[in-house]
Amino acid sequence: MGEANNNKAMQDMEGQYITFELGGETYGIAILKLIEIIGFRELTKIPNVPSFIKGILNLRGAAIPVIDLREHFHLQNVNYDSFTVIMILKISARTIGLIVDNVKDVVAFTQDQLRPAPRFNSQIKTDFIKAMGEKDDKFVILLDIDRLLSDEELNVVDGV
Amino acid sequence: MPNDELIQVFMEESEEEIKELEAGLISLEEDPDNIDADNIGRIFRSAHTIKGSAGMVGFEDVANFTHNLENILDKVRNNELKVTKNLITSLLEGVDFLKGLISATINKEDIDSAKMQSITSRLKRFASPLLDEAEESSSETKVVPGGVKERVFAISMRFRPDIFMTGQDPLMLLHELYDMGEIVEIYAHTEGIPDFYALKPTNCYMWWEIIIRTEQPLSNLKNVFIFVEDENEIHIDDITEKYTDGGNLDLAEKPIGEILVEKGIIKEEDLIEALREHKTTGQQLVEKGKAPKDIVENVARIQSRSRKVVRSKTIRVDTEKLDKLVNLVGEMVISVARMVQFSTAIKDPLLFRSFETSSAALERVSRELQEQVMRVRMIPVEGTFNRFRRLVRDLAFEQGKKIELKMSGTETELDKNVVEQIGDPLKHMIRNSIDHGIETPEERKAKGKPETGTIWLKAYQEEGSIFIEIADDGRGIDKDRLLAKAIEKGIADASQQYSEEDIFNFMFAPGLSTAEKVTEISGRGVGMDVVKKNIEDLRGSIEVISSKDMGTVFRVRFPLTLAIIDSMTVRVGKEVFTVPLSVIEKSLRPGREDIKTVEGKGELIDIRGEYIPLVRLYELFNIIPEKTDPTEAFVVVLQGTASRFGVLVDDILGLSQAVIKSIDKNFRKIEGTSGATILGNGKVSLILDIHGMERLAFNDKRNIRIFKGVV
């Protein structure tokens, strides 16, 4: 990828991100994907699905699946507490809830504050990382939420 | 006369279609050079639908009138007719008249037949193939070779009675006009001729009106009358702008009576008298002594009152508003429940008691409200189904066929949105079955079938979907002919091999029709592509099964978006599941001796001497249960189409009405469930699906529902 291309890609990613914490790391999701943030509430379990799909909640009459990224990223499990929140996101046609430890800030990243996603060896899946944002000496992992929660991912059935 | 419910449905439907029609025509007018095929297709379909529905409720006048509109739209659709301002104006006038015609028909008022005539004949002129070429010039002046413009003049010539004395002869003038151009219309007024004894042979009693199309300028026309114009009444008007091939737009808008008065054929007084004599049926009956006047008047009064009542019985509401209402009320019920829980924190016993009473009332009211709001959206398919009795009867009669319509599951409730919109596609499918499916009695006899053909119309809920089937025991779909037609129309490729399913699917391609002749009903090729589109718009799917001489089944499947089911709630561990009551046979707590384990077949349970499989829900869904011993828990016996089995649950919580929410909208289908519902406490509960559970439990991949509709 040429430098110009890279710049173009970074330019496209400029904008406001909602940042949140997950297992001590800070992540960011494009703010336009966010519908609302609600406190954690008890979920209805879905049988025979991967464990990162935590269940379904009722959001004003609609049944919404809730996902815990911590498990998806193979981070250590934590108990949900009063600080745990669910971010309700609009991902293509779907509305999906995302459990996070806590929501921090809305941060605006400019082109020069963005770096391409680091590449590891092929064992580590990183294609859902859009870019790395750096601001005030802090790193934010910007997620490509559409890719992270693609049809493919959601259609994974446990044990298959 | 069809019943009121039918008329009500027709009234609502036509209202909407007319709106579509108007909007479409207006957008067509805005951009006449750029005809959007979709738009014109939609307009055409609206007209087609109104015609069809009107025919079905027996409103012949409405159907016939709409047929004219449809014909023109068909021509526009096929690019046989150019869109001009004139054309749109006439069509819009037609639509306006149609509105009045429909309401007059519904209210059994008198129809302005003169106006209908004039509008119809004008529309026909547009549609007439002979005038297609001339049509293009309708709004402009026709340019003939050589670049001279042709104009149209209306001439009226009234002569003084003693004109012959002046050496002039009107006949000569007429001959002269004949030489100048084409006489499009001529009318000789003879009403001035007195009776024989008063008649003076040397007088001229007649006068003439002529419409002439000519290249000659007005001055030349005037020259014809140069010797008579001073002493006689000669008027020449240039009506090129108003005249559209055979029709004078001025005349078209007027009732026949007024035209007659204007032309001097009758006097205004005569017209008023004639109108006065135009009596209502009631009046005529009274005059003929068939009914006493006061009774007729009384009945008329009651009738007019009931018309008002009928009109205000329904109100059309945007379904989006209803959706919002349903969700909001659901939230409210939950909030009320939460609030009630807080009441325990009230220490003062007196305050607590009064709070409890009022909150209980609030709870009750809000629940009732929720129930009612949800019911608003759900209506049984019965009304829609019943509309087809008439259709089947009439069509069978028309085509000399004997057909019986059998219905089942008419009580199946569907989202209003769906019920409203399935009418049209269902109608087309039924027509298709009658037109192409059911054979004539002779043909059937020869095939060894009963003379009377049967059409089944069924609705049922299964596997988390609502199915509607239209089945017939007719000749089945002629695959070869269908394929040949598809190839002919360029839809299919002759060099390719197609599966049976592919071939059947050609039926839904736009512009394909295997009917040899265009009947009033099907065969315009508008049917099946609309059917498919309408059904897909409702997130449904359609499937065709057909076999030669056995019949054809159209199976339409709709998702349960907002269906309500009566259900039982059960608990396993911490999870609460909802089971549709329709599949529950009974629930029981088995005794130790009722449970048997059979090698290789798993657990069986004895239900009055019959052994049925026992499915442990916690195993199926990987949940930690509270109870694993069936004798301490409950078994709910489920009865499906093909099988029967018991489901082990910890506890039975009670009965409820569940509003089905889709999960796959935001997630995907969860095996073993058909959706979710929101419980009273605001939590989501999954609805168990008997077929999905069957598959999970017994790994049953048999397709048990093939060709269900036919014999």
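Not measured: the values here are computed from a predicted model. Both backbone and side-chain heavy atoms feed into the values below; hydrogens, waters and symmetry mates do not.
Below 4.5 Å, heavy atoms of chain B meet heavy atoms from A:E42, A:L43, A:T44, A:K45, all part of residues 33-45 of chain A.
Residues A:I53 and B:F667 have side chains in contact (heavy-atom distance under 4.5 Å, counting atoms from C-beta outward). For the pair A:N48 and B:L696, the minimum side-chain heavy-atom distance is below 4.5 Å.
Heavy atoms from other residues, nucleotides or ligands lying under 6.0 Å from NZ of B:K574 number 12 at most. Counting non-hydrogen atoms of other residues, nucleotides and ligands closer than 6.0 Å to CG of B:L655 gives a total above 12.
Between B:E575 atom CD and A:I46 atom CD1 the span is 10.0 Å, to the nearest 0.5 Å. Distance check, rounded to the nearest 0.5 Å: CG of B:L686 to CD1 of A:I56 gives 4.5 Å. Between atom OG1 of residue B:T677 and atom CG of residue A:N58 there is a gap of 9.5 Å, rounded to the nearest 0.5 Å.
Interface remark: B:I678 contributes side-chain atoms only to the contact with chain A (heavy atom separation under 4.5 Å). Only the backbone of A:L57 comes within less than 4.5 Å of a heavy atom of chain B; no side-chain atom from C-beta onward does. Only the backbone of B:L620 has a heavy atom closer than 4.5 Å to any heavy atom of chain A.
Screening residues 14-28 of chain A for side chain to side chain donor-acceptor pair (under 3.5 Å) gives A:E21-A:K104 as the qualifying pairs, with residues at least two apart or on separate chains.
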